[in-house]
Amino acid sequence: MKRILKPMSGNGSLVFKQNTRITQLGKSGRIQEAIQTFKNMSNKNTVSWNSMISVYAKNGKINDARHLFDEMPQKNLVSWNTMISGYSHNDQVHEAAKLFDEMPQRDNFTWTLMITCYTRNGELDKAKCLFDMLPDKQDPVCWNALISGYAKCQRVEEARRLFDEMPVKNLVSWNSMLAAYTQNELMDMGLKFFVQMEDKDVVSWNLMVHGFVQVADLESASLFFNRIPNPNVVSWVTLLSGYAKTGKIEEAKRIFEEMPEKNIISWNAMITGYMQNSQINDALKIFKGMPEKNSASWTAMINGYVRNGKLEKARELLEQMPSRNVTAQTSMISGYVQNMRIDDARQIFDQVGSRDAVCWNTMIGGYAQCGEMSEAIRLFKQMPRKNLVAWNTLIAGFAQSGQMDKAIEIFEEMKDKNLVSWNSMISGFTQNGLFLNALQYFVAMGKQGRKPDQSTFACGLIACANLAALPIGKKIQNLILKSGYGQDLYVTNALISMYSKCGRISKAEQVFRDTETVDIVSWNSLISGYALNGYGKEAVRIFEEMEVKGICPDQVTFVGVLSACSHAGLIDRGIKLFKLMTETYSIDPVEEHYACMVDLLGRAGKLEEAYKFVNEMPVRANAGTWGALLGACRMHRNADIGKIAAEKLFKYEPHKTSNYVLLSNIHAEAGRWNEVERVRTLMKERKVEKQPGCSWIEVKNRIRPFFSDDSAETRTTEVCEALTLLTLHARSTDFVPDIEPFQLDHG
DNA sequence: CTAGGGTTAG
């Protein structure tokens with residue numbers, strides 16, 4: 001395009017100056033002055049209008065921009081382009097696309113704008129589609145936009161393909177591709193690529209530093225930083241925030257003091273760093289001493305107070321904040337929500353002027369956490385643009401409150417689902433004891449080509465453990481090995497418990513031994529695994545190994561080892577361990593420990609001692625303890641103590657059939673038939689029925705439910721049949737499970 | 001007056 005310069009006579013140069021002034025005022029955020037300048041102009045030209053549109057659009061006033069666009073006397077191509085750019089910056093892809101379709105003619109600029117609009121919004125396939133229609137593909141700008149778009153969606157390989165294909169590359173192209181690696185934690189590839197680059201600017205170096213920061217390799221980050229020829233503020237801040245985020249506050253401070261010019265971002269990063277380290281006073285000192293504050297400074301302080309549990313301080317600051325924004329307010333809301341102060345949270349929420357998705361979701365999640373699902377739903381319905389997180393929050397809420405039927409409803413209604421949606425369903429099922437449903441969803445997920453993560457795998461294993469579904473558990477283990485989650489503690493601990501609950505305790509120990517670094521949960525799982533399988537002495541052996549290695553046992557460890565002793569009849573050992581727990585480790589015994597002890601004494605036939613123990617324990621015995629005593633009485637045919645235990649149990653669990661049956665049997669064996677009759681009458685009076693709980697939910701009539709009073713044998717067979725039908729199959733290159741659907745209509 | 005790569009607050 002040729003630019004024809006008019007002679008600088010009188011008005012022409014004035015208009016030019018005024019146009020420039022509008023743009024400049026806009027860039028420094030002085031919108032009102034820009035508007036005044038525009039309004040005062042007597043002879044506006046098209047560029048004036050375009051400039052004003054751009055100022056409005058860049059300051060979030062997209063509707064005002066559109067108004068000018070509609071009103072202006074003469075539009076040129078740039079006007080249309082500016083308007084599209086405005087919509088793009090304000091995330092209104094749809095409006096941008098509408099203009100793109102309507103406009104009379106387009107230039108390369110137009111195409112670039114529309115393509116970048118799509119890439120910014122993550123709509124890469126649309127961007128690519130447009131790109132393929134682009135008449136002139138020489139210009140690298142569109143290519144670059146696409147590459148970075150793919151990179152932000154973790155589609156690194158596609159980005160690389162474009163990079164290799166593009167005819168003309170510039171430094172930005174190389175940097176975009178480098179960012180694809182560094183942003184996706186592919187530092188090996190990134191380093192290789194970086195070495196290949198002939199030209200590097202400070203952006204390239206900064207990308208490397210940031211990449212290393214993201215994988216928490218601060219040593220390499222610092223090494224690279226030191227080799228930057230001309231580090232800029234961004235370089236300094238990147239390293240500084242890296243140290244701050246990883247808790248290395250002293251290093252961060254050093255960088256902060258060394259850096260030649262500090263900007264507001266560096267001050268803010270220091271506040272965050274101090275707050276993360278609970279150094280509230282140091283953070284406050286920075287906050288008070290900094291030359292200027294922006295809303296991020298205030299938010300960092302408020303957020304820091306919230307993280308450190310100082311809600312009142314946070315609130316105080318929020319009230320003082322000059323221009324409260326959603327981010328700060330949301331921080332406050334989440335603080336209240338974490339402390340179950342739902343009414344305070346709501347009060348802030350109601351004050352928020354323009355709520356964003358995070359704000360809505362925090363509040364909805366708050367109600368969900370408090371079990372107030374009806375209010376959560378009410379808010380959800382009010383939420384203007386519901387995103388995936390909002391839907392997932394509802395699922396998690398329903399799952400937590402045991403309403404899996406409602407969770408299913410929500411899940412089915414969703415058009416887009418992500419990994420979190422699936423995991424929330426699967427973990428919801430396992431948490432609510434609906435293990436077959438958990439497996440069904442695990443399978444369905446694989447069929448849709450979704451990759452499971454550590455949470456999916458762990459929940460799948462927990463389901464297998466509870467169904468004693470060893471074949472499936474083994475297949476899941478194969479998938480895990482291929483997935484790279486083989487050393488994840490959450491997963492390995494679930495594996496240990498799966499094998500032990502399926503009776504394969506030696507396999508459980510093998511998994512334990514194959515795990516590079518185990519934690520207390522792993523030890524506990526192994527010990528209680530041995531206990532569960534009746535190998536009391538082995539459980540004690542593991543416990544001793546733990547002691548030798550200097551690992552401190554916790555409450556759960558003792559529940560495991562004590563129950564092991566009781567199952568194996570190691571009475572003296574159990575009593576000694578109980579003493580060890582309370583005296584050496586100063587662990588206060590809880591209900592479960594007492595139940596173990598009562599069980600231990602009871603099984604050994606020392607019923608009088610057990611009963612005495614119950615009466616002398618400092619916490620009030622509940623169902624577990626009385627149940628242990630009742631069981632022991634049945635075993636040793638002690639009707640007197642049995643009756644006492646049963647009466648207590650009836651108070652705690654008035655509708656649990658097995659308690660009545662146990663007592664009735666004890667009386668029967670003692671020949672006390674009138675007592676037997678009394679128990680039966682009691683059952684009738686209290687309407688204790690043998691109605692079992694449904695142990696899974698029927699989903700789309702594909703699964704036949706079974707009931708908990710089916711005999712164990714029938715159940716095992718049924719589950720096995722179901723599970724054999726379900727063939728887990730891992731492809732060698734991919735670990736997405738490719739599984740046949742559940743089919744149980746074999747009758 | 002309109003386009004592409006990097007940094008901070010949720």
Side-chain angles (χ1 to χ4, degrees), chain A residues 16 19-20 22-23 26 45-55 57-58 75-86 88-89 107-117 119-120 139-149 151-152 170-180 182-183 201-211 213 232-242 244-245 263-273 275 293-304 306-307 325-335 356-359 361-362:
Chain A
F16 179 79
N19 288 347
T20 316
I22 291 174
T23 307
N45 60 16
T46 307
V47 177
S48 323
W49 289 85
N50 290 348
S51 303
M52 199 56 227
I53 291 175
S54 173
V55 167
K58 281 186 181 149
K75 300 178 189 51
N76 62 10
L77 186 50
V78 177
S79 319
W80 289 86
N81 286 348
T82 308
M83 205 52 228
I84 290 184
S85 159
S88 168
H89 283 289
D107 63 359
N108 254 344
F109 241 113
T110 322
W111 286 87
T112 310
L113 279 164
M114 204 53 229
I115 291 170
T116 56
C117 179
T119 53
R120 227 201 302 273
D139 188 4
V141 173
C142 281
W143 292 86
N144 296 345
L146 267 178
I147 290 175
S148 74
K152 291 204 171 81
N170 60 13
L171 182 54
V172 175
S173 323
W174 282 85
N175 282 342
S176 303
M177 193 56 226
L178 179 61
T182 59
Q183 286 168 345
D201 64 358
V202 69
V203 171
S204 332
W205 285 95
N206 289 348
L207 279 168
M208 288 305 285
V209 175
H210 184 236
V213 162
N232 60 10
V233 199
V234 175
S235 326
W236 286 90
V237 172
T238 306
L239 188 64
L240 162 61
S241 73
K245 272 190 282 199
N263 63 4
I264 195 160
I265 298 176
S266 54
W267 293 87
N268 291 347
M270 280 308 286
I271 293 179
T272 312
M275 279 302 198
K293 303 173 182 56
N294 63 9
S295 63
S297 328
W298 288 85
T299 308
M301 282 301 292
I302 292 169
N303 201 30
V306 166
R307 288 173 72 117
N325 63 5
V326 219
T327 315
Q329 285 166 312
T330 304
S331 199
M332 195 68 238
I333 295 173
S334 100
D356 60 6
V358 179
C359 183
N361 292 337
T362 307

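Source: prediction; values computed, not measured.
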- Item | A/K58 side-chain N/O to B/dC1 phosphate OP1/OP2 under 4.0 Å | no

- Query: Just by modelled atom types, is the A/S204 backbone N or O under 3.5 Å from a matching donor or acceptor in the A/D201 side chain?
  - Reply: yes

- Message: Once you apply a heavy-atom cut-off of 4.0 Å, does A/S331 come out as touching a base, just sugar-phosphate, or nothing?
- Response: nothing

- Message: Which nucleotide wins on minimum distance to the side chain of A/N170, given the candidates B/dT2, B/dC1, B/dG4?
- Response: B/dG4

- Item | Set of residues satisfying side-chain contact (heavy atoms from CB on, under 4.5 Å) with respect to A/K58, sequence neighbours excluded | A/S54

- Message: Looking at every heavy atom in both A/V55 and A/I22, which two are closest together, and how far apart are they?
- Response: CG2-O, 3.5 Å

- So, is A/K152 near the phosphate of B/dG4, with a side-chain N or O under 4.0 Å from OP1 or OP2? no

- What nucleic acid atoms does A/N108 come within less than 4.0 Å of, heavy atoms only: base, sugar-phosphate, or nothing? nothing

- Item | Whole-Å distance separating the CH2 atom of A/W143 from the C1' atom of B/dG4 | 14 Å

- Give a yes/no answer on whether the side chain of A/R120 brings an N or O atom under 4.0 Å of OP1 or OP2 in B/dG4. yes

- Query: Which nucleotide in the set B/dA3, B/dG4, B/dG6 lies at the smallest distance from any side-chain heavy atom of A/A179?
  - Reply: B/dG6

- What integer distance in Å separates A/N144:CG from B/dG6:C1'? 14 Å

- Query: How long is the line joining CH2 of A/W174 and C1' of B/dG4, in whole Å?
  - Reply: 17 Å

- Message: Please pick, from B/dG6, B/dG4, B/dA9, the nucleotide with the shortest atom-to-atom distance to any side-chain atom of A/N206.
- Response: B/dG6

- Message: Less than 4.0 angstrom between a side-chain N/O of A/S148 and OP1 or OP2 of B/dG4, yes or no?
- Response: no

- Distance test, side-chain N/O of A/Q183 to OP1/OP2 of B/dG6, below 4.0 Å: yes

- Message: Applying a 4.0 Å non-hydrogen cut-off, can you work out what A/N263 is touching in the nucleic acid: base, sugar-phosphate, or nothing?
- Response: nothing

- Message: If I take atom CG in residue A/N50 and atom P in nucleotide B/dT2, what distance separates them, rounded to the nearest angstrom?
- Response: 9 Å

- Rounding to a whole Å, what distance do you find between A/W49:CH2 and B/dT2:C1'? 18 Å

- Atom-pair distance (CG on A/L239; P on B/dT8), nearest Å: 12 Å

- Indicate whether OP1 or OP2 belonging to B/dT2 is found under 4.0 Å from a side-chain N or O atom of A/H89. no

- List the steps and the verdict of side chain to side chain contact (heavy atoms under 4.5 Å, CB included) for A/C117 and A/I84. CA-CA 8 Å; A/C117 179; A/I84 290 184; 5.6 Å; no

- Item | Proximity to the side chain of A/S54 - top-ranked nucleotide from B/dC1, B/dA3, B/dG10 | B/dC1

- Message: For A/V47, is there any backbone N or O sitting under 3.5 Å from a side-chain donor or acceptor partner on A/S51?
- Response: yes

- Item | Contact under 4.0 Å: A/H210 side-chain N or O vs B/dT7 OP1/OP2 | yes

- Query: Do A/D139 side-chain and B/dG4 base share a donor-acceptor contact under 3.5 Å?
  - Reply: no

- Message: For a quick check under 3.5 Å, do A/N81 and A/N50 share a side-chain donor-acceptor pair by atom type?
- Response: no

- Closest of B/dG10, B/dC1, B/dG6 to the A/L207 side chain is B/dG6

- Message: What is the distance, to the nearest angstrom, from the CD1 atom on A/I302 to the P atom on B/dA9?
- Response: 15 Å

- Have a look at A/T330 and say if it touches a base, only the backbone sugar-phosphate, or nothing, with a 4.0 Å heavy-atom cut-off. nothing

- side-chain N/O A/S85 vs B/dA3 OP1/OP2, d < 4.0 Å: yes

- A/K293 has an atom NZ; how far is it from atom P of B/dT8, in whole Å? 22 Å

- Task: Give one of base, sugar-phosphate or nothing for A/D201, where a contact means two heavy atoms less than 4.0 Å apart.
- Result: base

- Task: Just compare B/dT2, B/dT7, B/dA9 and give me whichever is closest to any side-chain atom of A/I265.
- Result: B/dT7

- Item | Any A/K245 side-chain nitrogen or oxygen under 4.0 Å from OP1 or OP2 of B/dT8 | yes

- Query: Considering only B/dG6, B/dA9, B/dA3, which nucleotide approaches the side chain of A/A296 most closely?
  - Reply: B/dA9

- Counting distance only, does the side-chain N/O of A/N303 pair as donor-acceptor with the main-chain N or O of A/T299 below 3.5 Å? no

